[in-house]
There are 2 protein chains.
Amino acid sequence: MARIARPATWLSFLLMQWGYNLMPRARPKISESKTSDGKKRTTLAVQLAEQLREMIFDGDLEPGTRLQEEDLSQRFGVSRTPLREALKLLIAEDLISFQPNRGATVTQLSLTELAETFPVMGVLEALAGELAAISASDADLDTLRQLHDEIVANYTARNLKAYFAANQRFHERLVEAASNDTLATHYHQLAGRVRRARYRANLSPERWAQSVKEHEQIIAALEARDGAALSKILRAHIDHKFETVRDAILKND
Amino acid sequence: MARIARPATWLSFLLMQWGYNLMPRARPKISESKTSDGKKRTTLAVQLAEQLREMIFDGDLEPGTRLQEEDLSQRFGVSRTPLREALKLLIAEDLISFQPNRGATVTQLSLTELAETFPVMGVLEALAGELAAISASDADLDTLRQLHDEIVANYTARNLKAYFAANQRFHERLVEAASNDTLATHYHQLAGRVRRARYRANLSPERWAQSVKEHEQIIAALEARDGAALSKILRAHIDHKFETVRDAILKND
DNA sequence: AGCGTTTAGATTGTATACAATTTGCGGGCA
DNA sequence: TGCCCGCAAATTGTATACAATCTAAACGCT
């Protein structure tokens with residue numbers, strides 16, 4: 001399988017630097033057989049879907065990009081049949097949009113859809129907070145504390161990119177700590193949507209400061225295992241994040 | 001596309017001020033072309049997916065059922081190619097499970113997975129309540145009031161089946177009234193999972209009475225457009241529903 | 001020029017053929 | 001009996017061929 005060479009975006013590069021595996025797996029619901037030598041064995045359709053998903057998350061395939069079957073199948077060196085099946089998988093995940101007889105394109109979120117997404121993410125992350133306050137292990141708390149310190153350090157250094165990366169990692173980890181796969185799956189899907197809606201990441205000094213302050217509250221409530229407080233803060237935090245994103249989008253149009 | 005503009009929430013107002021159109025997008029992720037005579041035209045894969053989805057929801061295909069391609073394609077009178085694409089769509093929706101080279105089966109939820117699902121549904125429906133309290137039209141309220149009356153009538157008549165049906169429609173309609181397609185999509189997916197986990201639908205007299213009582217509170221808060229109260233009641237309501245379901249499952253095993 | 005119509009090329013949709021993998025059964029053997 | 005091997009049937013995975021549909025450029029008309 002010839003993998004398509006792709007330039008590392010700032011985000012993927014950044015994460016790789018940190019040694020982080022890129023995205024939380026959207027969903028590994030497809031069990032994989034394994035050969036004796038431990039190699040994963042799946043179908044081409046599944047592999048192609050994974051690759052395409054990664055390319056979309058990484059920004060190699062920008063929203064709105066048309067996905068032509070012949071094109072892609074040649075680039076991947078496979079026939080159209082498994083490629084079409086891969087597209088169907090991504091269609092159901094809402095990563096790509098589809099019109100009969102007219103092909104597929106990388107889904108593009110309107111501001112409206114983005115605005116709809118945030119409140120949903122908000123309640124999910126609030127729930128994650130509640131659950132994590134109960135079920136997070138001490139190791140989880142350690143990891144989150146470390147990530148929090150990273151966030152603060154990057155704020156102090158005014159390193160915006162690294163700040164975003166650590167921030168994202170923190171929230172993902174928080175959701176994991178809730179120990180609810182269903183919750184995690186739906187959260188990841190929404191988080192992916194938002195992340196793909198790339199906007200010029202400007203953060204005003206005030207918003208940035210406030211965001212950090214909220215993070216202080218988050219980690220404090222978490223370490224106190226105060227689920228109710230955590231839930232409230234997280235939801236407000238997401239609301240503010242949407243405001244930031246909205247401003248960034250509107251300013252750059 | 002009979003959906004009309006909703007009363008402006010603070011968000012929609014804001015967006016409209018900035019020139020962003022808030023018209024709801026077509027929720028079926030797969031847009032459908034139409035012929036001159038208004039007939040929907042889609043691909044076989046999409047049609048098959050719809051049929052299979054319905055069969056699974058209706059219980060024609062019980063959890064654990066093996067889905068053999070040749071079998072199904074003959075029953076539907078199509079070749080395996082579009083059928084396989086339909087399966088891929090449902091795989092990504094988690095309606096069916098898949099193992100490479102070993103085919104697909106209708107997904108079966110464990111009690112653990114069911115237990116995970118309810119809290120997530122809970123916060124989503126709570127959010128739906130908050131939003132609906134703001135953006136539900138008067139027509140929405142009328143419909144919901146009617147459905148509520150139906151629920152009460154079926155309780156009085158002790159008609160369990162009709163009660164469940166009306167109950168389900170009420171909750172679906174409530175989520176619709178929130179005017180957030182993203183929310184609705186995720187809610188529906190989870191509701192479908194729960195519905196498929198068929199358990200012997202026994203409702204103790206006490207639980208039944210309590211459920212109806214909660215519904216009284218729900219409709220009252222809704223008509224008072226008290227989002228906070230509605231949110232709280234709904235979440236508790238879902239929690240109680242899970243307890244009922246859990247008891248039913250445990251008792252029947 | 002402007003505008004609908006036609007038509008060739010491109011692209012997607014479906015069927016079929018064949019390859020690869022799994023499954024289950026029967027035979028040989030300790 | 002129990003177990004392991006290997007083969008045949010069943011089933012899934014992939015490629016290719018052809019049909020249906022869409023797109024856009026060329027054409028002719030007013």
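The shown structure was predicted, so the numbers you read here are calculated from the model rather than taken from an experiment. Letters go in sequence order (proteins before strands), and every chain restarts at 1.
- Computed from coordinates, the A:Asp71 CG to C:dT11 P distance equals 8 Å when rounded to whole Å.
- Taking only side-chain nitrogens and oxygens, B:Arg80 never comes nearer than 4.0 Å to OP1 or OP2 of C:dT16.
- On a pure distance criterion of 3.5 Å, no polar donor-acceptor pair joins the side chain of A:Arg102 and the base of C:dG13.
- With distances taken from any side-chain atom of A:Asn101 to the nucleotides D:dT21, D:dT14, C:dT14, the minimum falls on D:dT21.
- For the pair A:Glu70 CD and D:dT21 P, the computed distance is 20 Å after rounding to whole Å.
- Atoms CG and CG, from A:Leu114 and A:Leu190 in turn, are 11.0 Å apart once rounded to the nearest 0.5 Å.
- Atom P of nucleotide C:dA15 and atom CD of B:Glu85 are separated by 11 Å, given to the nearest angstrom.
- Nucleotide D:dT14 holds its P atom 12 Å from the CG atom of A:Leu83, rounded to whole Å.
- Here the P atom of nucleotide C:dT11 and the CD atom of A:Gln74 are 11 Å apart, to the nearest Å.
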Item to check | Audit row: A:Arg193, B:Thr182, side chain to side chain contact (heavy atoms under 4.5 Å, CB included) steps and yes/no | outcome: CA-CA 11 Å; A:Arg193 283 166 62 121; B:Thr182 304; 3.5 Å; yes
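- Among the atoms of the strands shown, base atoms are found under 4.0 Å from some heavy atom of B:Thr81.
- Inspection of the B:Glu176 and B:His188 side chains reveals an N or O donor paired with an N or O acceptor under 3.5 Å.
- A salt bridge links A:Glu172 to A:Arg195: at least one charged side-chain nitrogen sits closer than 4.0 Å to a carboxylate oxygen.
- If you measure from atom CG of A:Leu44 to atom P of C:dT21, you get 11 Å, rounded to the nearest angstrom.
- Computed from coordinates, the B:Glu69 CD to C:dT21 P distance equals 16 Å when rounded to whole Å.
- Atom CD of B:Gln68 is separated from atom P of C:dT22 by 16 Å (rounded to the nearest Å).
- Using modelled atom types, one finds a donor on one side chain and an acceptor on the other under 3.5 Å when comparing A:Asp140 with A:Ser137.
- The residue among B:Gly103 and A:Ser79 whose nearest nucleotide of DNA chain D lies closer to the 5′ end is B:Gly103.
- Contact annotation: B:Arg84 side-chain N/O to D:dG13 OP1/OP2 distance is under 4.0 Å.
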